[in-house]
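The following block contains the structure, expressed as structure tokens.
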4 protein chains.
Amino acid sequence: MSQQSQPKPLRPRKTPSQPRSAETVASIIEAAAQVLETQGFEGFNTNAVAQRAGVSIGSLYQYFPGKDALTVALIHRETARFYQDAAIALTKRSGKAALEYLIGASVRQQLQRPMLARLLDVEEGRPALRGEVAKPETMQNLLVAIIKRARPRHANPEVAAGDLLAIIRGMADAASERGESDIEDLERRLRAAVFGYLSRTGISKG
Amino acid sequence: MSQQSQPKPLRPRKTPSQPRSAETVASIIEAAAQVLETQGFEGFNTNAVAQRAGVSIGSLYQYFPGKDALTVALIHRETARFYQDAAIALTKRSGKAALEYLIGASVRQQLQRPMLARLLDVEEGRPALRGEVAKPETMQNLLVAIIKRARPRHANPEVAAGDLLAIIRGMADAASERGESDIEDLERRLRAAVFGYLSRTGISKG
Amino acid sequence: MSQQSQPKPLRPRKTPSQPRSAETVASIIEAAAQVLETQGFEGFNTNAVAQRAGVSIGSLYQYFPGKDALTVALIHRETARFYQDAAIALTKRSGKAALEYLIGASVRQQLQRPMLARLLDVEEGRPALRGEVAKPETMQNLLVAIIKRARPRHANPEVAAGDLLAIIRGMADAASERGESDIEDLERRLRAAVFGYLSRTGISKG
Amino acid sequence: MSQQSQPKPLRPRKTPSQPRSAETVASIIEAAAQVLETQGFEGFNTNAVAQRAGVSIGSLYQYFPGKDALTVALIHRETARFYQDAAIALTKRSGKAALEYLIGASVRQQLQRPMLARLLDVEEGRPALRGEVAKPETMQNLLVAIIKRARPRHANPEVAAGDLLAIIRGMADAASERGESDIEDLERRLRAAVFGYLSRTGISKG
DNA sequence: TATGAATGAGTGTTCATTCAT
DNA sequence: TATGAATGAACACTCATTCAT
């Protein structure tokens, strides 16, 4: 079938309680990541993922109610990875240090598995997945908190958070697309963009 | 027959010399735009495009050797539209004015047909299309020229151009995704980001 | 998919205007009939039907939006065949003759392609198809008209029509299942059942 | 693995001697009934049955060698239920009273769990199950015995029994499908059909 | 003996592309 | 040159059944 259209559940079918299941689930998600990385969207199909994971297609569907649910799970995995790192920013003394740490985390996330990160950024935008993908809000909130500390008087921390997220992601994406590998330099430019933006916004309002 | 095969030509099959053909080609491209806008990737198939264009699927293939060629043509159309507007920036007196004009053009491009612009940004990234999509280089060059005028001493105009392009596109994309409609405000923030970035980069180097 | 579940259109996709199409459609429906007859429900799948029809699976789906739509089309064909024959009953002089003709038509329908008729009787009952299958109402009306002529004073022609339809179909089904071939005898027993029922119902009411 | 293969045994794997097993078997069969009733054919699968029964799928296969065996067991249960009630007819004084009792039993059977009864009537007809389903013969024999008492001179009690079974089942099925609930009225019409049929058949022979 | 994770053949359906008319 | 019927590889997903634990 379908190749379908009606809303399908996007959450895992069963919470793997048994260790064997947990392994299987993890291996399927990692296989999805690898297929996406190596074959791109074109080759990202459930049969390929199952094969790469070394499980049967039936097993895949035992744990994920549909292809999209698998994608969502992968996004969640990556998001969690990222968020865990990024949350450390909150422990920094100064707002500036927090922002700098966040930039570092973003760069790390984007350049570790660049292809994967970029492809997932796209998938995240698919309307069918919207609402299941927590990242936006969560990251947004994290960044809002950081901005409030770094720029206590900023008039519009929410808007600024959205803009900075877009800036960071956009630049990191482009850099990885270009094949950049000089992390130091990229981070320097990102700091310029971020602090440049902040120093010129949110002062009065109108 | 297979939907995945050897590299297919991505250029239009015939340069439409007769005006009738030119019309047909244009109507197909516009139909592609509309289908992409209204149905998203999911509904973007050649049969739907042909139907919307009011031509037979056979005719579509007479003018475009494959689906990707159609996508490329659409990207070209949009890019040309954008580039034409953006090139006006070069006529501005000051580098600052040129940059501001460019920002305005980007916002216009992104918010006129937001869905279309965003979808095409994604398509552009597909490896299968890379190399046929002129935009990056062209826009890059345009921006390099502008930066050289606005910041004659900038150490790395090429890198800066790449970054600014990413910043502008990232922020505009995100804004349109959020449904923002206050163009004025968006442009103000973009100026902050762009000039903020420029003022903090390219000074020495190390 | 049902590999699916959501309501799918049950009507043919395109009314075949071109003669070639009409042929294809007819051959697909006949193939469906043959597959159902020879393989039963178990073997009744769209690939088998397409193969038997000598067309590709794609062609099948060009004319029928789904498996159920094909089944419905087959039911319609058989129903129309039957109804055309049965309607002749209305031209008979007496109500008795009309009823007898109707019995004959039913027997003919049921014993011509017995397996097919029985299988379709079952399919007709599937909730997913209900509402698209006209037969019940139409035949019901036909029979009501006949009963009104044969038994003008019958108190409940609608109920009687439903009962008689069930009796006729039930007996004919069972006969064909048993492999009976003596049409004469079956018709005699059907007349006994029908007229026996009528002579003992609908007289007063309570 | 294939879902279509060589003939599979249709009888329960083990005659449950231990009371625990008997309970499990019964609960599986009742679960099958409920799934069939609530989900129809579409939802009637072994996993659903096992879950509803509160046993593992493995256990289900411990007691039933396959899905069909489970279906057969359910049919047997219902048939036995019915037969037990129907057999009381034999204790009636007159043949007429016996027939009337049988009609009552049929109506009761059909209207108690109407959906289930109808679905099983269909399943019974599946060739794969034929031969394992005792009902026809047994009920046939019961009815033959009754007819012989009610119409000692009837020339063809076997044929009549088949016809009457078909009539009763057909009418009761249709009634339950229509949602009729007036049992009294349905029984009256059934008596009309049955006695009407008998009074007009089996006299000479032809 | 019970469990339930795993299997994989099978099925419905789509859609890019071709080619006879 | 235009048409649109036809093609079929590819893909998402199901479910009866097995077997290691």
Side-chain angles (χ1 to χ4, degrees), chain A residues 1-4 8 14 16-18 20-21 23-24 42-48 50 55-68 70, chain B residues 1-5 8 14 18 20-21 24 42-51 55-68 70, chain C residues 1-4 8 14 16-18 20-21 23-24 44-48 50 55-68 70, chain D residues 1-5 8 14 18 20-21 24 42 44-48 50-51 55-68 70:
Chain A
M1 162 195 294
S2 152
Q3 333 236 138
Q4 71 275 46
K8 282 252 172 182
K14 43 175 90 164
S17 48
Q18 324 230 325
R20 186 150 62 123
S21 301
E23 259 176 59
T24 304
E42 322 261 7
F44 183 51
N45 61 268
T46 53
N47 289 288
V55 304
S56 68
I57 182 66
S59 282
L60 189 155
Y61 277 91
Q62 201 130 69
Y63 294 105
F64 301 95
K67 192 192 185 189
D68 283 349
L70 173 57
Chain B
M1 191 156 285
S2 176
Q3 300 175 207
Q4 217 71 340
S5 56
K8 284 255 170 182
K14 43 177 88 166
Q18 284 108 32
R20 273 247 303 206
S21 302
T24 305
E42 319 261 34
F44 182 51
N45 63 51
T46 53
N47 288 284
V49 170
Q51 187 169 30
V55 304
S56 69
I57 181 66
S59 283
L60 188 154
Y61 275 88
Q62 202 115 70
Y63 292 106
F64 300 95
K67 192 192 187 188
D68 283 348
L70 173 57
Chain C
M1 184 166 347
S2 137
Q3 321 242 142
Q4 69 267 61
K8 281 252 171 182
K14 46 175 86 166
S17 50
Q18 325 230 324
R20 185 150 65 121
S21 301
E23 260 176 58
T24 304
F44 182 53
N45 61 268
T46 52
N47 289 286
V55 304
S56 68
I57 183 64
S59 283
L60 189 154
Y61 277 90
Q62 201 130 69
Y63 294 105
F64 301 95
K67 192 192 187 189
D68 284 349
L70 173 57
Chain D
M1 193 156 285
S2 177
Q3 299 173 207
Q4 216 73 338
S5 56
K8 283 256 168 182
K14 44 179 87 165
Q18 284 108 32
R20 271 247 302 208
S21 300
T24 305
E42 318 262 30
F44 183 51
N45 62 50
T46 52
N47 288 284
Q51 186 168 32
V55 305
S56 68
I57 182 65
S59 283
L60 188 154
Y61 276 87
Q62 201 116 71
Y63 291 107
F64 300 95
K67 192 191 186 188
D68 284 349
L70 173 58

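Keep in mind that the numbers below use all heavy atoms, side chains included, and drop hydrogens, waters and symmetry copies. So you know, we letter chains A, B, ... as the sequences are listed, proteins then strands, and number each from 1.
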- Item | C/Y63 side-chain N/O to F/dA6 phosphate OP1/OP2 under 4.0 Å | yes
- Task: Tell me which of C/V55 and A/I57 sits closer to the 5' end of DNA chain F, going by the nucleotide each one is nearest to.
- Result: C/V55
- Query: Under 4.0 Å between a side-chain N or O of A/S59 and OP1 or OP2 of E/dT7?
  - Reply: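 True: A/S59 side-chain N/O within range (under 4.0 Å) of E/dT7 OP1/OP2.
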- Message: Rounded to whole Å, please give me the gap between CG in C/N45 and P in E/dT13.
- Response: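 So the CG-P distance, C/N45 to E/dT13, works out to 11 Å.
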- Item | Separation between OG of A/S56 and CD of A/Q62, rounded to the nearest 0.5 Å |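 Going from OG on A/S56 over to CD on A/Q62, the span is 8.0 Å.
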- Query: Reckon B/Y61 has a side-chain N or O less than 4.0 Å from the OP1 or OP2 of E/dC19?
  - Reply: no
- Atom-to-atom span, CZ of A/F64 to P of F/dC11 - whole angstrom: 20 Å
- Let me know the distance between CG of B/L60 and P of E/dT18, rounded to the nearest Å. 12 Å
- Considering all heavy atoms, the nearest B/L70-B/F64 contact: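 It is CA-CD2, 3.9 Å.
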- d(CZ, C/F44; P, E/dG10) in whole Å: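 My rounded result for the distance is 19 Å.
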- Item | Counter-base of F/dA10, judged by Watson-Crick or G-U geometry with both distances under 3.5 Å |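 Checking every strand shown, F/dA10 finds its partner in E/dT13, with both distances under 3.5 Å.
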- Query: Does A/T24 make a side-chain N or O approach to OP1 or OP2 of E/dA5 shorter than 4.0 Å?
  - Reply: no
- Query: Nearest 0.5 Å, what's the CG-OG1 distance between C/D68 and C/T46?
  - Reply: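 If I round to the nearest 0.5 Å, the distance is 11.0 Å.
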- Considering Watson-Crick and G-U wobble pairs with both distances under 3.5 Å, what does E/dT7 pair with? F/dA16
- Message: Nearest whole Å is fine: how far is F/dC15 P from D/Q51 CD?
- Response: 13 Å
- Message: Does E/dG12 have its OP1 or OP2 closer than 4.0 Å to a side-chain nitrogen or oxygen of C/T46?
- Response: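 Looking at the OP1 and OP2 atoms of E/dG12, one of them is under 4.0 Å from a side-chain N or O of C/T46.
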- Shortest non-hydrogen contact from B/G43 toward B/A48: O-CB, 3.9 Å
- Item | OP1 or OP2 of F/dA2 under 4.0 Å from side-chain N/O of B/Q62 |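 Answer is yes, contact under 4.0 Å.
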- Query: Rounded to whole angstrom units, what separation is found between the CG atom of C/L70 and the P atom of E/dT13?
  - Reply: 10 Å
- Message: For B/D68 and A/N47, find the nucleotide of DNA chain E closest to each by heavy atoms; which residue's nucleotide sits nearer the 5' end?
- Response: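 Residue closer to the 5' terminus by nearest nucleotide: A/N47.
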- Note on the structure: Minimal heavy-atom distance between C/Y61 and C/K67, with the atoms involved, is OH-N, 4.4 Å
- Of D/S56 and B/K67, the one whose nearest nucleotide on DNA chain E sits closer to the 5' end is D/S56
